[in-house]
Number of protein chains: 2
Amino acid sequence: MDATLSERSSNFCQACAIRNRAICADLANDEIDLLNAIGRRRKLEAGEQILWEGDDAVLVANVIEGVMKLSTQTSDGKEQILGLAYPSDFLGRPFGQTTPYGVEALTDAHVCVFQRSDFDRFAREHPRLEHKLLERTLMELDRTRRWMLLLGRMNAEQKLASFLLETADRMAPADCSFLGDDVPITFTLPLARQQIADVLGLTIETVSRQFTRMKKEGLIDLPSRREVTLLDRGALEDRAV
Amino acid sequence: MDATLSERSSNFCQACAIRNRAICADLANDEIDLLNAIGRRRKLEAGEQILWEGDDAVLVANVIEGVMKLSTQTSDGKEQILGLAYPSDFLGRPFGQTTPYGVEALTDAHVCVFQRSDFDRFAREHPRLEHKLLERTLMELDRTRRWMLLLGRMNAEQKLASFLLETADRMAPADCSFLGDDVPITFTLPLARQQIADVLGLTIETVSRQFTRMKKEGLIDLPSRREVTLLDRGALEDRAV
DNA sequence: CGACCGGTTGACTTTAATCAATTTGCGTGG
DNA sequence: CCACGCAAATTGATTAAAGTCAACCGGTCG
């Protein structure tokens, strides 16, 4: 990988993995050049945090590679994960004073970071970008609302089944091969058990018990701690309701 | 529909109660005239539905008066309320194919309705409106994420306490009188017990028991089924965590 | 090798859901 | 105006689900 300097001087956006999926997708080349000038790439290691809940909102970012976790805490110290961000997702709070949640990399990751003030100005001057951002925010709102249904009305089994199905989708290799419905799929979980518990509003013990139960029932296999194989997607979908 | 005609011919927006708070706030007068031409007012009775989950998204709307409920169903028939919309809030899914949730009036209400296609076109041509819509959507996303914390990590008591405090804020009379922190506040609940249960991800029995418990402990009073008096806001805030 | 961390498992407790009566409040019609 | 019927809300008894507390695996790393 080249140094940051060369990343800035040449236009990295043009070759960006998410050039056509992120909010910058609709920008013309000259606009991309401008955006390129105010953003910079940053590499994150798993576990590294880039935004802190309650802080002044000075940064916004785009996820290029890896999985990020958005979370908040209850006053008694329990964590609730508010969402996960995958490549092409947007992070942070434009047009706002404070960051409403903490953001941490779950895997090694690449992000494209902007000073919020720069980004806000650019967005206001480029309606096409703002439009993309709006579309993305609306989608995110829909996704979050579906998550509310999960948290409010599902039991532990339904929660975990839904989580596995969604994660399988999101972690699917980019080649998008349309495998048959009943071909076993194996993927690496971007989250440890405790984090899965935090996503689903459960405890680690309950998550663990559900995993072993699903394994016993032949729905999934667990080749290693961080890997899952979906053996019977249909049955999982039934349980996810 | 003659009524509609006259509403259309004069500019209703200019005198609209939410002219300065809704997404139209930043529009110039000539833009407002254009917007006025594509929207129309609609009166809703309590219980009336205006959007259906899964339908083609043909309408979007602004709440002018009253309280609306956004909700979805689990396949086993339980309802989960995804949010409530108060005056100046925006309803529906611009730039999308299907409506992601059902919308029903909880009280008698007024809304300002647009054909989605008209609205989408207008928004794309008027960045200031789109910007306002973006800000509002971002706020709504923040609010929804906070709600996730409630659903995922709070117990019944914390949920109800949070709900009462938030509702008190939102239902506060428009005169915005800054009452002291410990002055009892009485307001009318826009929701029946079952609906409160659906908002909080609880059952009606649990909600009822929490109400009576809080009353016994002197935190609140219940002058009638639909009314609540907050007697000790501080103590409620403690319980809401 | 032993300590340690993440995960699993078991025993027990707590919370809220469920099931089942009542009770309350309210509108309707005699 | 009162009696009736209905829906909403409350209350009680019981059950089920998930949380808690604690012990124990099993890799991994120093």
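No experiment lies behind these values; they were computed from the predicted model shown. Throughout, protein chains are lettered first and strands after them, A, B, ... in sequence-line order, and every chain is numbered starting at 1.
Between the P atom of dA16(C) and the CE atom of Met154(B) lies a distance of 13 Å, rounded to the nearest Å. Here the P atom of nucleotide dT15(C) and the CD atom of Gln158(B) are 11 Å apart, to the nearest Å. Across the protein-nucleic acid pair, Arg213(B) atom CZ and dG12(D) atom P stand 14 Å apart, rounded to whole Å. Atom pair Ile204(B):CD1 and dA20(C):P shows a separation of 17 Å (rounding to whole Å applied). Protein atom CD of Gln195(B) is 14 Å distant from nucleotide atom C1' of dA9(D), rounded to whole Å. In this structure, CE of Met214(B) is placed 13 Å from P of dT10(D), rounded to the nearest angstrom. What separates CD of Gln210(A) from P of dA17(D) is a distance of 10 Å, to the nearest Å. Straight-line distance from the CD atom of Gln194(A) to the C1' atom of dG19(D): 13 Å, rounded to whole Å.
Between the side chain of Arg193(A) and the base of dT9(C), no donor-acceptor pair of N or O atoms lies under 3.5 Å. Within 3.5 Å, a donor on the side chain of Arg209(B) pairs with an acceptor on the base of dG12(D), or the reverse. With hydrogens and angles ignored, a donor-acceptor pair under 3.5 angstrom links the side chain of Glu205(B) to the base of dC19(C). Donor-acceptor pairing under 3.5 Å, judged by distance alone, is present between the side chain of Arg225(B) and the base of dA8(D).
Mapping Arg226(A) and Arg153(A) onto DNA chain C by nearest heavy atom places Arg226(A) closer to the 5' end of the strand. Looking at which nucleotide of DNA chain C each of Thr206(B) and Ser208(A) is closest to, the 5′-most match is held by Ser208(A).
Considering CD of Glu104(B) and CE of Met68(B), their distance stands at 8.5 Å, rounded to 0.5 Å.
Side-chain contact annotation: Glu205(B) with Ser208(B), donor-acceptor N/O pair under 3.5 Å absent. Side chain to side chain, Gln80(B) and Thr72(B) fail the donor-acceptor criterion of an N or O pair below 3.5 Å.
Closest approach to the Leu202(B) side chain among dT10(D), dG19(D), dA16(C) is made by dA16(C) (side chain taken as heavy atoms from C-beta onward).
A salt bridge links Asp198(B) to Arg153(A): at least one charged side-chain nitrogen sits closer than 4.0 Å to a carboxylate oxygen. One finds a salt bridge joining Arg136(A) and Asp89(A) here, because a Lys/Arg side-chain nitrogen approaches an Asp/Glu carboxylate oxygen to under 4.0 Å.
Contact annotation for Ser224(B): no contact, since no heavy-atom pair falls under 4.0 Å across all strands.
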